[in-house]
Amino acid sequence: MKIQSIRGMNDLLPDQSATWQYLERVIADVLARYSYREIRFPILEQTELFKRSIGEVTDIVEKEMYTFDDRNGDSLTLRPEGTASCVRACNQNGLLHNQIQRLWYMGPMFRHERPQKGRLRQFHQIGVEAFGLNGPDIDAELLLLTARLWQALKIDHAVTLQINSLGTAADRAAYRAALVEYLSVREEQLDEDSQRRLHSNPMRILDSKNATTQALLNGAPSLDDFIDNESREHFQQLCTMLDAAGVSYEVNSRLVRGLDYYSKTVFEWVTSSLGAQGTVCAGGRYDGLVEQLGGKPCPAVGFAMGLERLVLLLDELDVVPDSVAQTVDLYLVAVGDVDRQALVLAESLRSDCPAVRMQTNCGGGSFKSQMKKADKSGASIALILGEDEAANNTIGVKFLRQDRPQETLEQHQLGNLLMTIFD
């Protein structure tokens, strides 16, 4: 019996990896242009980290985390998100007190959910976090950064920014009480999920996709009525900055996010091109989390984007450049007893032309079969080295994608030709 992968934890095959690498390169390039630096931390953390940060009555902690006791009896959890781990790493290594940090990270996250398109049990995120800055200008910078990223990926026409303010923890507590009071007398009209959340995490009911529940919420108290003046001014300044920068947005008063640590600004970039899994990037401020996890008080804001969903969106919109799929520029055909000379020549060319991607035929084969491999590889040029060419220090150059005659060159001339073609 063959051993299969775990449900919802998928392999990434070579034909797919080129798009992933392209996406990761574009994101890393945009982040570098804004002076964000990469941080890396373990995928396994103490369970208490996520209980204290995400909230014990959230769906993630109650139902979705991969948690187990190790041999010492310690409760450990595969990270379900990256912000808490990033804060823990910064606290532990003294990166936050009286300092400003702009950081990003990339890697797998784990949640035990029902696998579906765009939602897996092992999924990948790029997270971006900024620490030590109080004002709305850093919130705006993160939104401008993501807007620039969508432009670089050529998907800006397919995503929409939604923003909201959650106010302070005290604001949310007052609103939560008013919301529970309103919904409790209408509990029987709520969908099953919302009935459960009413007694654990009632603000998540605002995110319900149930049409009846959404209609019921039309008469519910509005979070905006409970926001304090400082949070209101912060949000207004953010909107003014986005307007000045030409970034379009929608104010969504029911946008709350699913984690307990958010405060003030929250946002989502959403698309209608992926069906139900429409959120491709989300985040907000979490000014109290650093202190909550044992550090000195430190304002913070950040976001995360799911790479699986972004890859799906790139494919759906057909915006990945054709050159991304091409992994071979040259294919070196070696016919006869010339394997040694072929390997030496290939290494010389890789040294002289580092930007050129070359595949050397290994395992022998007839000239005809090797040329078929060269064509199938997608290479633009086949270099042909037979025993005569090896003896005379020459090389055959066959253009596979152009209507050009085959050439024979001295081997020392080949580098100049390739730099001219692939520069």
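Model, not experiment: these values are computed from the prediction. Nothing fancy with the numbering, it's 1 onward along the sequence.
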Subject >> Minimum side-chain heavy-atom gap Ile39-Cys86 below 4.5 Å >> reply: yes

So the ring pair (Phe, Tyr, Trp, His ring centres under 6.0 Å) pairs with at least one residue in residues 284-320 (sequence neighbours excluded) are Tyr261-Tyr286

Practice task
Indicate yes or no: does Asp139 engage Lys264 in a salt bridge with an N to O separation below 4.0 Å.
Solution key: no

- Are any of the side-chain heavy atoms of Met106 and Glu24 separated by less than 4.5 Å? yes

Output for pair (Leu149 CG, Leu31 CG), nearest 0.5 Å, gives 7.5 Å

Rounded to the nearest 0.5 Å, the CG atom of Leu274 sits from the CZ atom of Arg119 at a distance of 12.5 Å

Sorted by chain and residue number, the salt bridge (Lys or Arg N to Asp or Glu O under 4.0 Å) partners of Asp191 (sequence neighbours excluded) come out as none

Value for CD1 (Ile138) from OG1 (Thr265), rounded to nearest 0.5 Å, stands at 11.5 Å

Please check this pair: side chain of Thr394 against backbone of Glu410, looking for a donor-acceptor N/O pair closer than 3.5 Å.
no

Answer yes or no: is there a side-chain heavy-atom contact under 4.5 Å between Val270 and Val280? no

Quick one: does any side-chain atom of Arg232 pair with a main-chain N or O of Asp224 as donor and acceptor, under 3.5 Å?
yes

request  = Could you walk me through whether Thr77 and Glu45 pass the side chain to side chain donor-acceptor pair (under 3.5 Å) test, one step at a time?
outcome  = CA-CA 6 Å; Thr77 296; Glu45 300 273 9; over 6 Å; no

- Given Ile421 and Ile381, is the side-chain contact (heavy atoms from CB on, under 4.5 Å) satisfied, shown in steps? CA-CA 10 Å; Ile421 295 173; Ile381 294 174; 3.7 Å; yes

_Residues Arg40, Glu38: salt bridge by 4.0 Å N-O rule_ = yes

In short, ring pair (Phe, Tyr, Trp, His ring centres under 6.0 Å) pairs touching residues 132-160 with sequence neighbours left out are Trp150-Trp269

query: Below 4.5 Å, heavy atoms only, C-beta onward: do Thr213 and Ile205 meet side chain to side chain?
result: yes

- Task: Evaluate salt bridge (charged side-chain N to carboxylate O under 4.0 Å, His left out) for Glu347 paired with Arg350, printing each intermediate quantity in order.
- Result: CA-CA 5 Å; Glu347 291 307 300; Arg350 290 187 177 106; 2.8 Å; yes

Between Leu383 and Leu349, is there a side-chain heavy-atom distance shorter than 4.5 Å?
yes

Open item on the list: Whether the side chain of Arg121 engages the backbone of Glu113 through a donor-acceptor N/O pair (distance < 3.5 Å, no angle test) should be reported.
Closed with: yes

Side chain to side chain contact (heavy atoms under 4.5 Å, CB included) filter on Gln214, not counting sequence neighbours, yields Ser208, Leu217, Arg254

Check against side-chain contact (heavy atoms from CB on, under 4.5 Å), Val397 and Thr408
CA-CA 6 Å; Val397 180; Thr408 299; over 6 Å; no

Residues 67-80 vs salt bridge (Lys or Arg N to Asp or Glu O under 4.0 Å), sequence neighbours excluded, gives none

Here the side-chain hydrogen bond (donor to acceptor under 3.5 Å, both in side chains) pairs for residues 309-318, sequence neighbours left out, are Gln277-Arg309

request  = Give a yes or no on whether the backbone of Leu307 and the side-chain of Gln125 come within a donor-acceptor separation of less than 3.5 Å.
outcome  = no

* Indicate whether any N or O donor in one side chain lies under 3.5 Å from an N or O acceptor in the other, for Ser165 and Ser231. => no

Any sub-3.5 Å donor-acceptor pair from Glu81's side-chain atoms to Thr83's backbone N or O? yes

Across all chains, not counting sequence neighbours, the ring pair (Phe, Tyr, Trp, His ring centres under 6.0 Å) partners of His412 are none

Backbone of Ser75 reached by a side-chain donor or acceptor of Thr47 within 3.5 Å:
yes

- Query: Any sub-3.5 Å donor-acceptor pair from Gln99's side-chain atoms to Gly94's backbone N or O?
  - Reply: yes

By ring pair (Phe, Tyr, Trp, His ring centres under 6.0 Å), Tyr175 pairs with (sequence neighbours left out) Phe226

One should read off an interatomic distance between Arg340 CZ and Leu345 CG, to the nearest 0.5 angstrom, of 12.0 Å

- Query: Heavy-atom count around Leu13 CG within 6.0 Å, excluding the residue itself: above 12?
  - Reply: yes

CD of Glu291 to CG of Leu96, rounded to nearest 0.5 Å, is 12.5 Å

Contacts satisfying salt bridge (Lys or Arg N to Asp or Glu O under 4.0 Å) that involve residues 5-20 (not counting sequence neighbours) are none

- Query: Counting distance only, does the side-chain N/O of Ser194 pair as donor-acceptor with the main-chain N or O of Leu190 below 3.5 Å?
  - Reply: no

Problem - Asp228 side chain to Glu230 backbone, donor-acceptor under 3.5 Å - result: yes

Item to complete: For atom CD of Gln46, decide whether the heavy atoms of other residues, nucleotides or ligands shown that lie under 6.0 angstrom number more than 12.
Response: no

Requested in this report: Carefully, step by step, assess Tyr249 and Asp243 under the rule side-chain contact (heavy atoms from CB on, under 4.5 Å).
Outcome: CA-CA 9 Å; Tyr249 59 88; Asp243 291 337; 3.1 Å; yes

Distance alone, cut at 3.5 Å: any donor-acceptor contact between the side chains of Arg111 and Gln122?
no

Any non-hydrogen side-chain atom of Ser253 less than 4.5 Å from a side-chain atom of Leu223?
no

Between the CG atom in Leu313 and the CD1 atom in Ile155, the distance rounded to the nearest 0.5 Å is 4.5 Å

Strictly by modelled atom types, are Thr168 and Asp171 linked by a side-chain donor-acceptor pair under 3.5 Å?
yes

- Within a reach of under 6.0 Å around CG of Asp322, are more than 12 heavy atoms found that belong to other residues, nucleotides or ligands? no

Here the side-chain hydrogen bond (donor to acceptor under 3.5 Å, both in side chains) pairs for residues 25-36, sequence neighbours left out, are Tyr34-Arg148, Tyr36-Glu141

Backbone N/O of Val344 and side chain of Ser348: donor-acceptor pair under 3.5 Å:
no

*Go through the steps to decide whether Phe422 and Leu330 satisfy the test side-chain contact (heavy atoms from CB on, under 4.5 Å), and finish with yes or no.*
CA-CA 10 Å; Phe422 295 107; Leu330 304 177; 3.7 Å; yes

So side-chain hydrogen bond (donor to acceptor under 3.5 Å, both in side chains) across residues 357-379, not counting sequence neighbours, yields Asp329-Arg357, Tyr331-Asn361, Asn361-Gln370, Ser366-Ser369, Asp375-Arg401

By ring pair (Phe, Tyr, Trp, His ring centres under 6.0 Å), Phe367 pairs with (sequence neighbours left out) none

Pair Glu129, Tyr105: side-chain N/O donor-acceptor within cut-off below 3.5 Å: yes

